[in-house]
Amino acid sequence: TSLVLEWLGTEDGKPYPNLASWQNSNAYSIEGALDILEQLASILDNVHQAGVIHRDIKPANIIIDPNNIPTLIDFGAPTAAQDEESSFGTPDYMSPEAAKADSSTPLTSASDLYSFGIIAYKLFTNDLPFKGKTSAAILNNQVFLAYAPINEQHSSYARLQHANINIDQFNQVFSKALSKDPKKRY
């Protein structure tokens with residue numbers, strides 16, 4: 001089996017930004033983030049339809065071209081869906097089942113969708129839903145902490161309301177996307 005990727009060019013001699021750089025640039029907007037997330041969801045659907053789990057979905061592995069078109073890169077650790085039992089990924093974006101690294105809950109496309117949910121959450125809030133001072137603490141929180149709904153005290157609450165995002169619907173989406181049970185995710 002082969003995986004062929006497109007050549008990602010440069011703009012003014014500089015490589016295209018990754019998603020984290022794009023979010024911190026003047027190009028960022030919630031509307032642009034929604035557009036990129038919609039395209040990224042389609043990319044992930046195609047990858048999963050081919051029976052591949054990426055295992056390391058994170059902003060550094062998403063390149064944004066000048067037309068705000070994302071490209072998912074770094075397929076150095078993907079596996080066929082039926083073969084996956086080992087841990088691999090970036091703690092901030094790792095699903096609970098990947099963080100556990102045991103065969104009791106094999107990785108499926110739901111693991112990538114969990115990581116996608118964290119990326120979406122970060123694009124909207126500029127924050128991560130699960131944090132820790134060490135990688136081990138972050139992984140522990142990925143496994144055991146439930147999603148904490150956004151409320152008036154969250155630093156992004158006003159920004160989300162200003163963008164006309166319904167906070168109750170926002171919390172419903174992320175409660176499902178970041179469920180600890182892969183069968184309860186999208």
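Throughout, residue positions are numbered sequentially from 1 according to the sequence presented.
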Under the salt bridge (charged side-chain N to carboxylate O under 4.0 Å, His left out) test, residues paired with K180 that sit two or more places apart: none
Test side-chain contact (heavy atoms from CB on, under 4.5 Å) applied to I62 and I43, step by step: CA-CA 11 Å; I62 301 165; I43 292 167; over 6 Å; no
Residue pairs passing the ring-ring contact (aromatic ring centres under 6.0 Å, His included) test where at least one lies in residues 8-45, sequence neighbours excluded: W22-Y28
Contact summary for S175 and Y147, nearest pair of heavy atoms: OG-CD2, 3.3 Å
side-chain contact (heavy atoms from CB on, under 4.5 Å) partners of N67, counting only residues at least two apart: D65, I69
Qualifying residues under side-chain hydrogen bond (donor to acceptor under 3.5 Å, both in side chains), relative to Q172, sequence neighbours excluded: none
Show me the side-chain donor-acceptor pairs of residues 29-40 shorter than 3.5 Å, one per line, residues at least two apart or across chains.
from	atom 1	to	atom 2	distance (Å)
S29	OG	G32	N	2.8
D35	OD2	Q39	NE2	3.1
Q39	NE2	D35	O	3.4
Q39	NE2	N68	O	3.2

Any donor-acceptor pair under 3.5 Å from R55 side chain to G89 backbone: no
Partner set under side-chain contact (heavy atoms from CB on, under 4.5 Å) for D181, not counting sequence neighbours: S179, K183, K184
Minimum-distance pair of heavy atoms, taken over all atoms of I73 and H54: O-NE2, 2.9 Å
N/O donor-acceptor pair under 3.5 Å between H48 side chain and L44 backbone: yes
Results of side-chain contact (heavy atoms from CB on, under 4.5 Å) for Y186 - residues two or more places apart only: V173, K176, A177
Any side-chain heavy-atom pair of T90 and D56 under 4.5 Å: yes
Residue pair F174 / P149, side-chain heavy-atom distance below 4.5 Å: no
Where N171 and I150 come nearest, the two heavy atoms and their spacing: OD1-N, 2.8 Å
I57 and L72: CA distance, side-chain angles, deciding distance, side-chain contact (heavy atoms from CB on, under 4.5 Å) verdict: CA-CA 8 Å; I57 306 291; L72 183 59; 3.8 Å; yes
Co-membership, hydrophobic cluster, residues F144 and I118, 4.5 Å side-chain: no
Hydrophobic cluster (4.5 angstrom, side-chain heavy atoms) - remaining members for I138: none
Contacts of type side-chain hydrogen bond (donor to acceptor under 3.5 Å, both in side chains), residue S111, not counting sequence neighbours: S95
Sub-4.5 Å side-chain heavy-atom contact between P17 and I63: no
Straight-line distance of N61 CG to L19 CG, nearest 0.5 Å: 10.5 Å
4.5 Å side-chain heavy-atom contact, L107 and D112: no
Contacts under 3.5 angstrom, residues 124-131 side chains, donor-acceptor by atom type, not counting sequence neighbours:
from	atom 1	to	atom 2	distance (Å)
T125	OG1	Y121	O	2.8
T125	OG1	D127	N	3.1
T125	OG1	D127	O	3.2
N126	OD1	Q23	NE2	3.4
D127	OD1	K131	NZ	2.9
D127	OD2	K131	NZ	3.3

By side-chain hydrogen bond (donor to acceptor under 3.5 Å, both in side chains) - contacts of N18 (at least two apart): S21
Which residues share a side-chain contact (heavy atoms from CB on, under 4.5 Å) with D45, sequence neighbours left out: Q49
Between Q161 and Y157, a side-chain donor and acceptor under 3.5 Å: yes
Nearest non-hydrogen partners of P59 and A20, listed with the distance: CB-N, 3.7 Å
Atom of R159, atom of L123 and distance for their closest heavy-atom approach: NH2-O, 3.8 Å
Between Y114 and Q142: side-chain donor-acceptor atoms closer than 3.5 Å: yes
